[in-house]
Amino acid sequence: MNNELYTGVQIWNRLTYVKEPGSGKRVSRLNDESAWQVTEVPTLRIIDDALWQAARQRQGDLKVKGADTPVWDRRRPKFLLSGLMACGCCGGGFAKISKEGFGCSSARNKGSAVCTNMLSIRRTDLEATVLTALEHHLMDPDLVEAFCLAYAEERNRLQAAASAGRSGLEKELAQVTRDHARLVEAIIAGVPADQVKDKMITLDARRKTLETQLSATPADDPLRFHPSMAKTYRDRVATLIRTLGDAEGMEEAKEVVRSLIDRIVLTPAPDGKSLTIDLEGALAGLLALATGRPLQEVRQASDKQKAPGVERGAVDIIGELVLVAGTGFEPVTFRL
């Protein structure tokens, strides 16, 4: 997958082979790229550049932050919800304990001193329940409307503050530009240039600083979240669920569905005979899907929110605004 020869490019002198003094083992060392000998060999090409770049991009999507394991040696989850389940008693993971069942790993491997949750759940039952909840409950229209109202209020407040700062910079830039122009006119009118040189240098430096600050200050951006996005979300989730049964698009659909889930907490019910399921959605991914973002961006938004050190519930969906979902408008948790 990483052999440039497939694209008609042959590279010599990429590696140098040496023997380790102690073991005598022959090992390779990567040469500096400037020493590589690159030759175009079009007759050897078997794939086009678009496919090559798509494969490279796909590898980038599979990378795990902080992991040293090569892309080709990373295993995809065997089951749809593998690695997303957590025990509500001890916080440990749920793993496969039988042909079709999942149970708390800590209770079985470390004993009752660590966890007493010996209940199990069938994989097919759990997947069916979670998929139904993803489609019908995590983007409840009433909760979405409440979220959108709270989002719009906070967004407008921050936008007003940003607009005020931008307006001040624009006014100062206009004044600096006018003052500089007056000095130029004074020189044309006969004022010796050396008398205004320092002032002109100062004004020009300030102009450049203001232009840099303005370029870094975001302009007004329309609200992107609105109540109708609940329908968009449900339609797209329904499509993803259907695609899980399609061999061609199954893997991508599985990854997107997984990205919408933060974790699934399984806790013994009061009767002690069954498990209650708390499904916690990844809010950034849910919103990205609901606002029509490409599936790749949906996964990236969820990965960003799930990264170490990011506050649970934090949303950075538009690159300039961070909201922390609060009680009353957080459409991310549902008890099944």
Side-chain angles (χ1 to χ4, degrees), residues 54-55 57-64 74-86 94 100 102 121-145 147-148 224-266 277-307 313 315-318 325 330-336:
Q57 179 65 47
R58 189 76 183 97
Q59 286 184 342
D61 292 344
L62 289 174
K63 288 183 179 178
V64 179
R74 293 181 191 138
R75 296 181 181 179
R76 288 189 174 93
K78 186 173 183 180
F79 302 108
L80 177 63
L81 304 178
S82 296
L84 298 174
M85 297 169 284
F94 257 58
E100 284 295 322
F102 287 95
I121 187 169
R122 287 178 59 84
R123 176 181 63 84
T124 52
D125 293 341
L126 178 62
E127 289 181 358
T129 303
V130 168
L131 291 176
T132 299
L134 276 176
E135 182 176 3
H136 298 291
H137 299 304
L138 280 187
M139 276 287 175
D140 179 88
D142 293 337
L143 292 176
V144 169
E145 183 175 2
F147 169 82
C148 290
R224 299 185 185 184
F225 300 153
H226 45 82
S228 65
M229 71 183 185
K231 183 179 185 305
T232 302
Y233 169 84
R234 288 195 298 273
D235 291 343
R236 297 191 75 188
V237 169
T239 300
L240 285 170
I241 292 174
R242 289 195 299 271
T243 308
L244 288 173
D246 182 358
E248 182 176 350
M250 179 178 61
E251 286 302 330
E252 182 180 30
K254 181 190 292 187
E255 290 181 14
V256 175
V257 169
R258 287 176 55 84
S259 74
L260 300 177
I261 301 170
D262 193 355
R263 64 175 181 167
I264 302 165
V265 182
L266 299 111
I277 306 171
D278 287 306
L279 174 61
E280 298 179 3
L283 185 55
L286 295 173
L287 294 176
L289 187 73
T291 50
R293 298 297 182 87
L295 296 181
Q296 180 181 341
E297 292 186 20
V298 173
R299 297 197 305 269
Q300 291 173 345
S302 292
D303 291 343
K304 185 175 181 180
Q305 182 180 350
K306 294 177 184 179
V315 183
D316 185 0
I317 196 67
I318 59 176
E330 181 181 354
V332 293
T333 304
F334 190 83
R335 171 157 288 187
L336 311 176

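We count residues from 1, following the sequence as given.
A distance of 4.5 Å separates CZ of Arg263 from CD of Glu280, quoted to the nearest 0.5 Å. Taken from CZ in Arg123 to CE in Met85, the straight-line distance is 10.0 Å, to the nearest 0.5 Å. Between the CD1 atom of Ile121 and the CZ atom of Phe94 there is a distance of 8.0 Å, given to the nearest 0.5 Å. To the nearest 0.5 Å, atom CD1 of residue Ile264 and atom CD of residue Glu127 are 9.0 Å apart.
Summarising the geometry of Tyr233 relative to Leu134, their closest heavy-atom pair is OH-O, 2.7 Å, with the distance given to 0.1 Å. Contact between Leu81 and Arg258 at its shortest, heavy atoms only, is C-NH1, 3.7 Å.
In this structure, the side chains of Leu289 and Leu295 come closer than 4.5 Å at one or more pairs of heavy atoms. Contact of the Val298 side chain with the Leu260 side chain is registered, since non-hydrogen atoms from C-beta on lie closer than 4.5 Å. Looking only at side-chain heavy atoms (C-beta outward), Leu279 and Thr129 stay at 4.5 Å or farther from each other.
Under the ring pair (Phe, Tyr, Trp, His ring centres under 6.0 Å) criterion, Phe102 pairs with Phe79, sequence neighbours left out. For Arg236, there are no salt bridge (charged side-chain N to carboxylate O under 4.0 Å, His left out) partners two or more places apart in sequence or in a different chain. Under the side-chain hydrogen bond (donor to acceptor under 3.5 Å, both in side chains) criterion, Asp235 pairs with Lys231, sequence neighbours left out. Under the side chain to side chain contact (heavy atoms under 4.5 Å, CB included) criterion, Ala253 pairs with Leu240, Thr243, Leu244, not counting sequence neighbours. In terms of the side chain to side chain contact (heavy atoms under 4.5 Å, CB included) criterion, residue partners of Ala238 (sequence neighbours excluded) are, by chain and number, Glu135, Arg242.
Exactly one residue among Leu126, Leu131, Val130 makes a side chain to side chain contact (heavy atoms under 4.5 Å, CB included) with Leu80. That residue is Leu131.
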